Structures are given as structure tokens and as C-alpha cells.
Participant: 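Take a look at the following structure, please.
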2 protein chains.
Amino acid sequence: MNSNHVTKRIENGRRKTAEERRQDILEAALNIFTQKGYNGSTTAEIARAASVAEGTIFRHFATKKEILIAVLEPKILVGLINLDKEHREYTPTEFFRCFLKNRLELIKENNGLFRFMFAEAQYHSEVREALFKAILEQGIGIIKPWYEKGVEQGEFRPLPFIPTMRSFMGMALFYGIFNGAFPGLPQEETLEEAADQMLELFFNGLLV
Amino acid sequence: MNSNHVTKRIENGRRKTAEERRQDILEAALNIFTQKGYNGSTTAEIARAASVAEGTIFRHFATKKEILIAVLEPKILVGLINLDKEHREYTPTEFFRCFLKNRLELIKENNGLFRFMFAEAQYHSEVREALFKAILEQGIGIIKPWYEKGVEQGEFRPLPFIPTMRSFMGMALFYGIFNGAFPGLPQEETLEEAADQMLELFFNGLLV
DNA sequence: TATAGGAGTGAGTAATCACTCATTATTGAA
DNA sequence: TTCAATAATGAGTGATTACTCACTCCTATA
């Protein structure tokens, strides 16, 4: 007996479009996923959070895993920083400063998402490969040209690129992701200060 | 009808002790957990991997979650490095070199475990808190005295400790954990070389 | 040798899961 | 207004889950 059927409407009385419903579900799924992990979340829970019936979910996505992919797909490609807005002549050093601050902001704003992505990358090869590709693209595609420019101009020492980039990314990710995971970690600094301290070490090292 | 009952024995014909069985189960559980995650693993699977009946598991552990805790408990405390074996007069710089190599080896040997711990820390507060405590103990308890000694002796610049330590740990963890997760990452170096390159950057910085 | 009790077993259980589908609601076009 | 197409629904389904328990096996002691 399916008698009390009332489809939800938005203000102007229009029923939501299929695309809007899809987005509702994805948004709810991301929320639940980041809280409980993929395997710890149920489709019933996601449906409740999205205010739709469980069956509706499977009208928009064939399987639960398809939701996971659809959730991460647009998020994983957020590699493009808007360095270009000023666009005028960065020195390589300035580029690194700007890039780091940009990444730290991004990670801070999407903290749960980032932690979730790295966690699930272990268990889902699709996620792992997409994330791997994104990291490489940022590292090789964006950073490397600036790094080489810095070396050519005599601004940077000619250290091997991959290990240097890996250390740089490690600093940023550990600050952004783990600080979010362990909110008790002693950290008085603002994001701006944290970036400056990281850069001070990265550029000049610990030794006198 | 439970008629074909044959308890397994080890070489000398003795039945395993309760403690030995417990360890079998923990070892099997760690294997399964690191492959599929906590929620992705089933007690039936763990039992099969440990060559015991599913019921046996629940004679040794009250719940599945208790297995998780028992698996990680001894692993999480592996903070004590054996720097002391030579024991003679490290300079602070030498300490950092030795500590880093030691940690990289540890992470490499227990790669799946480390990734699993960080992943599950998100979803289980017990794991999170234990891990958090271990990180703090290593950072504050082990590294800090050496760091301060280095500053006093004029070997290190007086940078703020927490951000510096965080960057240091970030480099090490990102190398150890993510390199294990993304085996395709370009990395020709041995662990020894990787450590040296990390230290070169950490001590002297990128700028000329 | 007899026996008490701990260790081990695996079929059974209630709960929960992802997913289905018959039915109803809502739409835009004719 | 009618109607065909599409969207939404939620009870239902078979599979799977963590966990139980009645029972058997094993061993240490007397």
C-alpha cells in the first residue's frame, strides 16, 4: 500500500530536475562517506541524508560503488590553481610560496574529502589510480617547470626533482590532512603562518 | 552432526596454547585488514586465514572491534628506536639522520600496517587517539630534546619546533606510506639514498 | 584410568545489506 | 483535459553479516 506519496518540491512548486536530485544524493553521500568510510556507510543512510527514498538512489546510480566514483570524480581534478590571476612574472620562489598557500587552503576547505580519498585509495583501485594521476599531474605537470626554471636561473640548488617534490608535498599534506585528523595537535599558527614556516624550512633548511 | 572433529596440532603433537591461537588469529586479521580494510573484512575470512573455525575467534575476542584494537595495540607502540646501541655522543645532526633512516625502515617493513592505521584512524576514535599519542610521543618525547640541544649548540637555527617537526615527519611519512600506496611513483633510489636526499633538503634547504 | 573443564567446532540466527520492482505521482505536449 | 513518459516511492528479496550455542575433543590432574 503506497498511498501516502508526496514528492518533495522546492519553493516555486517545481519538482527538482534529475540533475538536481543527483547532486543532492552526491552531496549526502560525500557527507556520510567522509564520516564513516565507504564500507561503513549504507545506501539507506545516504538516502535519508539526501531526503529521498532508497529506491531513488538506484534510479540515478546503478550501484553503490558508482556513487563513490561519481562523488570523487569532480573533486579529484581540482588541480588547477589560479596562479594566473596575477599572471605577471613569478620568480620560482614566489611560485612555490603561492602554490603552497593555495594547496593548504584547498586541503583545509576539503579536509574530510582529502582524508577520505587517501583512505579509500587503499582499497579501491579506481580511486587509487585517479589520485595517483592527480598527484603526478600536479607534481610533474605544474611544479616541475618552475623547479627547472629555478635551477637554471641559479635560484635553486640542483637537487634531484622527484625526492624534493615528494618532500614538499609531504610537508603540505601532513600539515593539511593529519592536522585535520588530529585536532589536538599543538598548532597555534594560522594557515598563513604555517605556510611561511614551512617555506622557511623548505628554502633555507634547518642548519645555520 | 559435528562428527568429523579434528583439532589441528603442531609438529610435536601438542595442541596450540590459547596464546598461540590468539596470535594466529591476530596475524591473520592483520593480513586481511590491511588488504580490505576493517569494514571490508569478515570474521569468516579471518577465521579461514587463521585456519580456525569462526566460533573460535569469538572465544578469544568478544567482538570484531576487539580484534582491531588487539591487532594495533602492540604495533602502535613501536616508537622506541635503538639509537642507543652505539650510544656514544651523537651530534644533533647525526641524531636526525639516524632517526630518519630508522623510521623509514620501520615504515617500509610495515607498510601495509601503517597505511591501514592512518586510514582507520579516521573512523575509529580509539585508533585515532592511540596513533595521535604515538606521534606526539615520538615528536615531543624523542625529537624535541635533540632539537633543543642542536639549537643551544648553535648547530640548528632557532625555528619553531612544532612546525619543523611536522614538516620532518611529513616528509618521512609521505615517502614511506604513499610510495607504498602508489608503487608507480617514479623512484629509483634505495631507502638509503632517499633518506640522504631528504636530509639534504631538510638541513640545507632548496635555495642556493 | 577416570573425569572435569577449557578449547574448538560449525550450523544456526537475527539483523542488516545492496538492490529490485510494482505501484503511484508528476510532468509536458497535444 | 488527456495521456504517455518519466521520476519517485518503499515494501520486499536473497545474500551476507557478526555473533551464539549445544556439542565434541583434548589435556591435566588425581
Side-chain angles (χ1 to χ4, degrees), chain A residues 1-26 28-29 32-33 35-71 120 123-124, chain B residues 1-26 28-29 32-33 35-71 120 123-124:
Chain A
M1 200 184 291
N2 295 345
S3 48
N4 45 359
H5 241 170
V6 183
T7 304
K8 287 127 222 155
R9 295 153 172 289
I10 56 184
E11 322 84 50
N12 64 7
R14 169 175 70 83
R15 182 168 73 173
K16 290 196 179 182
T17 67
E19 185 51 31
E20 283 169 332
R21 273 274 130 79
R22 216 185 117 94
Q23 289 307 322
D24 285 351
I25 294 169
L26 285 179
I32 305 289
F33 282 163
Q35 283 172 50
K36 315 199 174 188
Y38 175 76
N39 274 320
S41 308
T42 71
T43 50
E45 230 172 341
I46 294 169
R48 214 177 311 125
S51 302
V52 298
E54 201 173 350
T56 303
I57 285 185
F58 291 96
R59 175 165 304 278
H60 293 271
F61 304 94
T63 63
K64 185 187 172 192
K65 186 142 196 178
E66 206 171 271
I67 306 177
L68 174 68
I69 306 297
V71 164
E120 297 299 332
Y123 311 125
H124 308 277
Chain B
M1 198 184 291
N2 295 345
S3 46
N4 44 359
H5 241 170
V6 182
T7 304
K8 289 124 221 157
R9 294 153 171 289
I10 55 184
E11 320 82 51
N12 63 7
R14 168 176 71 82
R15 183 168 72 171
K16 290 195 180 184
T17 66
E19 185 51 31
E20 284 169 331
R21 273 273 127 80
R22 216 184 116 94
Q23 290 307 322
D24 285 352
I25 295 169
L26 286 178
I32 305 289
F33 281 163
Q35 283 172 51
K36 314 200 172 186
Y38 175 76
N39 274 319
S41 309
T42 70
T43 51
E45 229 172 342
I46 294 169
R48 213 177 312 124
S51 303
V52 298
E54 202 173 350
T56 303
I57 284 185
F58 291 95
R59 181 163 300 279
H60 293 271
F61 305 94
T63 63
K64 185 187 171 191
K65 186 142 195 177
E66 206 170 271
I67 307 176
L68 174 69
I69 306 296
V71 164
E120 298 298 333
Y123 311 125
H124 308 277

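Keep in mind it's a predicted model, so treat the numbers as computed, not measured. Labels below follow one simple rule: chain letters A, B, ... track the order of the sequence lines, proteins then strands, and each chain is numbered from 1.
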Participant: Restricting to non-hydrogen atoms, name the atom on A:A70 and the atom on A:L26 that form the minimum distance, rounded to 0.1 Å.
Facilitator: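 Heavy-atom minimum between the residues: CB-CD2, 3.8 Å.
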Participant: In whole angstrom, give the distance that lies between atom OH of B:Y38 and atom C1' of D:dT17.
Facilitator: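 Rounded to the whole Å, the gap is 12 Å.
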Participant: Please report the distance, rounded to the nearest Å, between CD in B:E20 and P in C:dG8.
Facilitator: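 Result: 10 Å.
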Participant: Rounded to the Å, how far apart are A:F58 CZ and C:dT20 P?
Facilitator: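 The answer, rounded to whole Å, is 7 Å.
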Participant: At their closest point, which heavy atom of A:G40 faces which heavy atom of B:N39, and how far apart are they?
Facilitator: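 Heavy-atom minimum between the residues: CA-ND2, 3.5 Å.
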Participant: Compare every heavy atom of A:L68 with every heavy atom of A:F33, then report the nearest pair and how far apart it is.
Facilitator: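 Of all heavy-atom pairs spanning A:F33 and A:L68, the closest is CE1-CA, 4.0 Å.
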Participant: Taking NZ from B:K36 and C1' from D:dT17, how many angstroms apart are they, rounded to a whole number?
Facilitator: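 Those two atoms, NZ and C1', are 14 Å apart.
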Participant: Can you work out whether A:H60 or B:T42 has the more 5'-proximal nearest nucleotide on DNA chain D?
Facilitator: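 The residue closer to the strand's 5' end, by nearest nucleotide, is A:H60.
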Participant: Between C:dG10, D:dT9, D:dA8, which nucleotide gets closest to the side-chain atoms of B:A53?
Facilitator: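 Among C:dG10, D:dT9, D:dA8, the one nearest the side chain of B:A53 is C:dG10.
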Participant: Given C:dA18, D:dA8, D:dA18, identify the nucleotide with an atom nearest to the side chain of A:R21.
Facilitator: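 Of the candidates, D:dA8 comes closest.
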Participant: Among D:dA8, C:dG8, D:dA18, which is the nearest nucleotide to the side chain of A:R59?
Facilitator: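 Taking heavy atoms from C-beta onward, the closest nucleotide is D:dA8.
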Participant: Grab the two heavy atoms, one from A:K65 and one from A:H124, that are nearest each other, plus how far apart they are.
Facilitator: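 In this case the closest contact between A:K65 and A:H124 is NZ-ND1, 3.1 Å.
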Participant: Indicate the atoms forming the closest heavy-atom contact of B:Y123 with A:E120, along with that distance.
Facilitator: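 Answer, listing the atom of B:Y123 first, then A:E120: OH-OE2, 3.5 Å.
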Participant: How long is the line joining NZ of A:K64 and C1' of D:dA15, in whole Å?
Facilitator: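 Distance check: A:K64 NZ to D:dA15 C1' gives 15 Å.
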Participant: To the nearest angstrom, how far is B:L68 atom CG from D:dC19 atom C1'?
Facilitator: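 Rounded to whole Å, this separation is 17 Å.
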Participant: If I take atom CG in residue A:N39 and atom P in nucleotide C:dC17, what distance separates them, rounded to the nearest angstrom?
Facilitator: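 The distance from CG of A:N39 to P of C:dC17 comes to 12 Å, rounded to the nearest Å.
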Participant: NZ of A:K65 versus P of C:dC17: gap in Å, rounded?
Facilitator: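 That distance rounds to 19 Å.
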Participant: With sugar-phosphate meaning primed atoms plus P, OP1 and OP2, does A:T43 contact a base, only sugar-phosphate, or nothing at under 4.0 Å between heavy atoms?
Facilitator: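 A:T43: base contact, heavy atoms under 4.0 Å.
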Participant: Looking at every strand, decide which applies to B:T56 at a 4.0 Å heavy-atom threshold: base, sugar-phosphate, or nothing.
Facilitator: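 It contacts base atoms.
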